[in-house]
Number of protein chains: 2
Amino acid sequence: MDIKQTELGLLLALNALLDHENVSLAAKQIGITQPAMSAQLKRLRDLFNDPLLVPSGRRLVATTRARALQNDLRAHLQGLNALVRDHTVFDPASSETTFRLIGTDYVHAVLAAPVQKMLAAEAPGARAAFLAFDPKTLWSSLEAETADLALATGMSLPEAKRQSALTEDFQVIMSKTHPLARQPMTLEEFCAFPHILVSPEGGGFIGATDRVLKETGHKRRVAISLPSFLLAPALVSSSDALCMMPTRLAKLHEANVACSPSPFPSPVFDVDLMWHPRRQNDPAHKWFRGQVRRLAQGL
Amino acid sequence: MDIKQTELGLLLALNALLDHENVSLAAKQIGITQPAMSAQLKRLRDLFNDPLLVPSGRRLVATTRARALQNDLRAHLQGLNALVRDHTVFDPASSETTFRLIGTDYVHAVLAAPVQKMLAAEAPGARAAFLAFDPKTLWSSLEAETADLALATGMSLPEAKRQSALTEDFQVIMSKTHPLARQPMTLEEFCAFPHILVSPEGGGFIGATDRVLKETGHKRRVAISLPSFLLAPALVSSSDALCMMPTRLAKLHEANVACSPSPFPSPVFDVDLMWHPRRQNDPAHKWFRGQVRRLAQGL
DNA sequence: ATTAGGTATAATCTGAGTGGATATAAAACA
DNA sequence: TGTTTTATATCCACTCAGATTATACCTAAT
């Protein structure tokens, strides 16, 4: 074991450099200035006797030798990182961590406020960032630690740790002046009005509700497809359309829209907490996901 | 990955501290002074919020938490160490490495001079250290990298890399004035004189030669048992005793003792180079073991 | 040409290590 | 019981590697 302390530091820099192929960004990542990183790169080139990153136009691209280092390098650095994280006590009151949470707009809408309030009370120096949910990049975000936690439904991420957070069903929202606003509606009434459907993937006109209706021989007309639940209340208020909305989210808009129980057994969905197994023993992570779960279950 | 460069350096220090449970030795290992290491220990205690090493009398002993870190810590640091070693070019002419080679006195006797000469010519800044062979600690020495290479016979180290270096047989040495010194001796003459036997383990009076003799119905009298071949020439010179000595070693003493072929088919032994698989791709190690093998085969 | 996006160099500044010494504490010795 | 030995922690003045700020210098795109 003849590696020097300074060389270890250089390896951390190299890892950042390989991640970005960009000196300035790598510098920002590890919290030093660009010239300092440039100097570290020079020392790295000396150490390995290899340019490591060569200019190609105005980009830098990694050499073969540098690429060969990348995987092991990252693995061992992550290992050491996890080591200190897992054995460092976490004190919410003094923490300045940023917790990054991936979720759908539904999740953001129902959890952003409680999380914000919780942090203000328990960890005033910490911050939360809510990131958009994208099933294609979810795992890589957790893997690369650009996000700490995800709240999602029905995702199968075999490598992720998972914990159930809440179960949700739907209610019907409509304009406060809607003819059906006063008392519970019948299934026939429900089907008689135009509907707004929320399809996060965009452009869909058939949802869980339509599948349930079909089983009972009914049918509704979906007039508009929106990419987010957050757009529905405004639209509902200015038309006679109905919209099936997750109950907790509907309750948040009670001031602006009328809210009525589903005239048929509502579809339900489970929202799971998911995270990278690497974070399993990270005290800060343990604390945060515990808080989020508690908040979700208290909704 | 929010670990800082300075923290990585501290981990290297922690590793050394856990290895030695001694600030001064740990400091020496990583090449800083005792006050500097004491300061790093303080920073480590801060980082982990744990004393890590607590005084017990005048020793330091690791806390449970520190112990829990040790294995992963060492593994990842060794991984990073291997990473830079394996991708660093080795230039014999400018190297200041110390190569540590484990071998029996026989190995030392026949190889020390050639290795020394080779280094002087090819790697004048490098040094070689010859360490005593101890079958009980051989593997742990390679594992802990207190030695780089071993030359031994018939050791079975399942995890070690191995390469055959040379095959050796025996000749008979005796005083220059010995009655048998002039011409090849017969087996009967061989058995008529007292013998010196070398038993590295100490105190043995039966060796490979005795087993071979027994098969042909002969027998010799072992008058003295020595722990090292290096002691035999002096003893032989001042008596009429004979000694079976590895041929290459015998040749080294030709100026002082007479040397005669074995009057029966000599036992032979193979000497293998052995090293830790972790060093397999280390350029410096590759170079050195290649040189040693070349020297051994040229003997 | 000029600008935008990036890296490297130059001149200073700073923080951690050094050498050298001391305070302190426990163990070993007498 | 006191004295010596062994070891860690702390102090100081000094040095130096590596940080910073500011600037020069590339290259591609406009």
Side-chain angles (χ1 to χ4, degrees), chain A residues 1-63 65-67 70 77 84, chain B residues 1-63 65-67 70 80 84 88 96:
Chain A
M1 188 87 71
D2 48 1
I3 197 169
K4 292 274 160 255
Q5 294 188 296
T6 59
E7 294 174 339
L8 269 184
L10 290 183
L11 290 184
L12 189 68
L14 178 57
N15 183 56
L17 284 165
L18 289 173
D19 279 356
H20 295 101
E21 297 190 309
N22 175 315
V23 174
S24 309
L25 295 182
K28 181 167 293 181
Q29 182 184 304
I30 70 168
I32 60 178
T33 59
Q34 174 268 316
M37 180 57 86
S38 185
Q40 297 212 18
L41 176 52
K42 186 187 214 168
R43 274 172 260 147
L44 279 162
R45 285 169 167 157
D46 251 31
L47 176 60
F48 286 105
N49 243 285
D50 184 279
L52 298 173
L53 295 162
V54 293
S56 157
R58 72 178 166 195
R59 310 193 54 70
L60 284 181
V61 302
T63 62
R65 160 168 270 159
R67 280 269 160 269
Q70 192 171 20
L77 288 175
V84 326
Chain B
M1 186 90 71
D2 47 0
I3 195 171
K4 293 273 158 256
Q5 294 188 298
T6 58
E7 295 173 342
L8 269 183
L10 291 182
L11 290 184
L12 190 68
L14 177 57
N15 184 54
L17 284 166
L18 289 173
D19 279 354
H20 296 101
E21 295 191 308
N22 175 315
V23 174
S24 310
L25 295 183
K28 181 169 290 180
Q29 182 184 305
I30 71 169
I32 60 178
T33 58
Q34 175 266 320
M37 180 56 88
S38 185
Q40 297 212 19
L41 176 52
K42 185 188 212 167
R43 273 172 260 148
L44 278 163
R45 285 168 167 159
D46 250 30
L47 175 61
F48 287 104
N49 244 286
D50 185 279
L52 298 173
L53 296 161
V54 293
S56 157
R58 74 177 163 196
R59 311 194 54 70
L60 283 181
V61 303
T63 62
R65 158 167 271 158
R67 279 271 159 265
Q70 192 170 20
L80 291 174
V84 325
T88 296
E96 298 189 350

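These numbers come from a predicted model, not from an experiment. In the text below, chain A, chain B and the rest are named by the order of the sequence lines, each starting its count at 1.
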Quiz prompt | Pairs involving residues 14-31 of chain B, ordered by first then second residue, that meet salt bridge (Lys or Arg N to Asp or Glu O under 4.0 Å) (sequence neighbours left out) | solution = Asp19(B)-Arg74(B), Glu21(B)-Arg67(B)

Exercise. Give every residue pair that meets the salt bridge (Lys or Arg N to Asp or Glu O under 4.0 Å) criterion with at least one member in residues 30-46 of chain B, sequence neighbours excluded.
Key: none

Practice problem: At the 4.0 Å heavy-atom cut-off to chain A, mark where contacts on DNA chain C begin and end, going 5' to 3'. | Solution: dA4(C) to dT9(C)

Quiz prompt | Length of the line joining Arg59(A):CZ and dA29(D):P, which is rounded to integer Å | solution = 11 Å

Practice problem: Would you kindly give the CG-to-C1' distance between Leu60(B) and dA9(D), to the nearest whole Å? | Solution: 11 Å

Quiz item: Mapping Ala39(A) and Ser56(A) onto DNA chain D by nearest heavy atom, which one lands closer to the 5' end?
Solution: Ala39(A)

Quiz item: Can you tell if the side chain of Gln40(A) reaches within under 4.5 Å of the side chain of Leu17(A), non-hydrogen atoms only?
Solution: no

With sugar-phosphate meaning primed atoms plus P, OP1 and OP2, does [X] contact a base, only sugar-phosphate, or nothing at under 4.0 Å between heavy atoms?
X        : answer
Ser38(A) : base
Pro55(B) : nothing
Glu21(B) : nothing
Thr6(B)  : nothing

Taking only N and O in the side chain of [X], is any of them less than 4.0 Å away from OP1 or OP2 of [N]?
X        : N       : answer
Lys42(A) : dG18(D) : no
Asn22(B) : dT8(D)  : yes
Arg45(B) : dA9(D)  : yes

Practice problem: Return yes if the base of dA7(D) and the side-chain atoms of Gln34(B) contain a donor-acceptor N/O pair under 3.5 Å, otherwise no. | Solution: no

Quiz item: If you check every side-chain atom of Arg43(A), which of dA7(D), dT21(D), dG18(D) has the closest atom?
Solution: dG18(D)

